[in-house]
There are 2 protein chains.
Amino acid sequence: MTKTKNISTDYLKELLESKDVKPSFQRLSVLKYIIQKKNHPSVDTIFKALSKDIPTLSKTTIYNTLNLLTQKGIVTALTIADNETRYDFGEEHHAHFQCAVCGMVFDVKVDSDFCDRDFIDGHKVDEIQVHFKGVCSNCLNKNNTFLKH
Amino acid sequence: MTKTKNISTDYLKELLESKDVKPSFQRLSVLKYIIQKKNHPSVDTIFKALSKDIPTLSKTTIYNTLNLLTQKGIVTALTIADNETRYDFGEEHHAHFQCAVCGMVFDVKVDSDFCDRDFIDGHKVDEIQVHFKGVCSNCLNKNNTFLKH
DNA sequence: ATCATTGCAAACACTTTGCATACGC
DNA sequence: GCGTATGCAAAGTGTTTGCAATGAT
């Protein structure tokens, strides 16, 4: 099914503490989910998944957690979808592809010659996001309607 | 102030009609605004600007118009801002820079070797957006707080 | 007369805020 | 016990939808 390499809680704790974030159970759970499933999930996706194991979990906590982790630079907020924010844990720089049919977001590699620059046209660059949109290989194969016209 | 090169209504009409869009007064106004001011406006920005001349104008009409123009490929919807959609009229491919301080969006040029590809990792590519985020040159100069720490 | 566009009001969806409760050291 | 994290409810904001009125041919 989905490949979920196990991630030690100690690693997650260290990761959070190294950025001065207290490793609460909820925060560990959210971070673990993002790292394990490399799904680029939305708040709702995380909420539905974690609610099964943590029935008392609130969406507010997920919002709080993700805003905190983004602010601390532990995760990245992707503005690839027009209606909802997706979240990503990626150290190395890579681009993203979102399928217009199924909505999934995939990592794609880009030979980025410009990704390392600190300034562009006099503007100070803190972050670069490269977004591809189209139809993913899964949806192309499943539904060959797209090939017919 | 803002450089607004005048654009003939005939040009706008032809542009719309060539994509099977009836050139109503409201649609012409919205399209003209986007092409003239190149400031990648939000719905609200367009609404506030055009309301002065068209007091009966409704936000719904702007949403309708922009969705239609996007669908017809006349304008591009930018997902660079996390909360609101920005719109752009750009024929040639270019990247965008959004300032975290003032919120403005600028065009930036990128030597894009990968912008022409139709497929990436097996996914069919319809659209590419390159988003830079940081602090624009204006805000850097005005407020040297950013340089101090 | 017919059909599409407009625009008000309401509904929707995502996110943030206020505040009381619960938790951890 | 004190300070912070949690989570419910409500508010806020951007966008879409239902539908009646208006406008164009």
Side-chain angles (χ1 to χ4, degrees), chain A residues 9 12-13 16-17 19-33 40-72 74-87 98 103 105, chain B residues 9 12-13 16-17 19-33 40-72 74-87 98 103 105:
Chain A
T9 307
L12 296 171
K13 275 190 183 175
L16 290 178
E17 282 170 343
K19 303 282 176 99
D20 292 320
V21 176
K22 282 190 185 174
S24 73
F25 179 67
Q26 286 85 342
R27 287 169 179 171
L28 286 168
S29 303
V30 169
L31 182 57
K32 185 179 180 182
Y33 181 91
H40 314 86
S42 65
V43 166
D44 199 61
T45 304
I46 300 174
F47 176 71
K48 279 176 181 153
L50 297 187
S51 288
K52 294 170 187 166
D53 296 324
I54 319 170
T56 64
L57 185 64
S58 158
K59 259 189 188 174
T60 303
T61 299
I62 300 182
Y63 277 106
N64 288 340
T65 300
L66 290 173
N67 287 340
L68 182 64
L69 296 187
T70 302
Q71 187 183 312
K72 295 289 185 177
I74 301 173
V75 302
T76 305
L78 303 180
T79 58
I80 190 169
D82 42 334
N83 53 337
E84 62 186 3
T85 305
R86 302 295 196 101
Y87 292 89
Q98 182 174 42
V105 174
Chain B
T9 308
L12 296 170
K13 275 189 182 175
L16 290 177
E17 283 171 342
K19 303 283 176 98
D20 292 320
V21 176
K22 283 191 184 174
S24 73
F25 179 67
Q26 286 85 341
R27 286 168 180 171
L28 286 168
S29 303
V30 169
L31 183 56
K32 185 179 180 182
Y33 181 90
H40 315 84
S42 65
V43 166
D44 199 60
T45 304
I46 300 173
F47 176 71
K48 280 176 180 152
L50 297 187
S51 289
K52 294 171 187 167
D53 296 323
I54 318 169
T56 64
L57 185 64
S58 159
K59 258 188 190 175
T60 304
T61 299
I62 299 182
Y63 277 107
N64 288 339
T65 300
L66 290 173
N67 287 341
L68 181 65
L69 297 187
T70 302
Q71 186 183 312
K72 296 289 185 179
I74 301 172
V75 302
T76 306
L78 303 180
T79 58
I80 190 170
D82 42 333
N83 53 335
E84 62 187 4
T85 305
R86 303 294 198 100
Y87 292 88
Q98 182 174 42
V105 174

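We name chains A, B, ... by the order of the sequence lines, and we start the count at 1 in each one. These numbers come from the heavy atoms of this one structure, side chains and all, not from hydrogens, waters or symmetry mates. Owing to the predicted nature of the structure, the values given are computational and were not obtained by experimental measurement.
- The phosphate of D:dA5 has neither OP1 nor OP2 within less than 4.0 Å of any side-chain N or O from A:T65.
- At least one donor-acceptor pair under 3.5 Å links the side chain of A:R86 to the backbone N or O of A:H40.
- Close to D:dT6, at under 4.0 Å from its OP1 or OP2, lies no side-chain N or O of A:T56.
- A straight line from CD of A:E84 to C1' of D:dG14 spans 14 Å, rounded to a whole angstrom.
- One can place CD1 of B:I62 at 11 Å from P of C:dT6, the figure rounded to the nearest angstrom.
- The side chain of A:T85 sits closest to C:dT15 out of C:dT6, D:dG7, C:dT15.
- A:N67 comes within contact range of the sugar-phosphate backbone alone, with a heavy-atom separation under 4.0 Å but no base atom that close.
- A straight line from NZ of A:K48 to P of C:dA13 spans 11 Å, rounded to a whole angstrom.
- Contact annotation: B:T60 does not reach the phosphate of D:dT17 (side-chain N/O to OP1 or OP2, under 4.0 Å).
- Heavy-atom distances under 4.0 Å link DNA chain C to no residue of residues 22-32 of chain A.
- No donor-acceptor contact under 3.5 Å links the side chain of B:S58 to the base of C:dC8.
- Following rounding to the nearest Å, A:L50 (CG) and D:dT6 (C1') show an atom-to-atom distance of 15 Å.
- Side chain of A:Q98 to backbone of A:G103: a donor-acceptor contact under 3.5 angstrom is found.
- Distance NZ (A:K59) to P (C:dC14): 7 Å, rounded to an integer number of Å.
- Minimum interatomic distance between B:L16 and B:P23 (heavy atoms only, all atoms of both residues): CD1-CA, 3.8 Å.
- Protein atom CG of A:N83 is 12 Å distant from nucleotide atom C1' of C:dT15, rounded to whole Å.
- Proximity of a side-chain donor or acceptor of B:R27 to a complementary backbone N or O of B:K22 within less than 3.5 Å is detected.
- Each of B:L78, B:T70, B:T76 was evaluated against B:Y87; a single residue qualifies, B:T70, per the side chain to side chain contact (heavy atoms under 4.5 Å, CB included) test.
- The OH-C1' distance, from B:Y63 to C:dC12, rounds to 12 Å in whole Å.
- The shortest distance between the side-chain N/O atoms of B:T61 and the OP1/OP2 oxygens of C:dG7 is below 4.0 Å.
- In this structure, OG1 on A:T45 lies 6.0 Å from OH on A:Y33, to the nearest 0.5 angstrom.
- Residue B:S42 is classed as having no contact, given no heavy-atom separation below 4.0 Å to the nucleic acid.
- Summarising the geometry, the separation between CG on B:L68 and P on C:dA4 is reported as 13 Å, rounded to the nearest angstrom.
- Here the CG-CD1 distance, from B:L50 to B:I62, works out to 5.5 Å after rounding to the nearest 0.5 Å.
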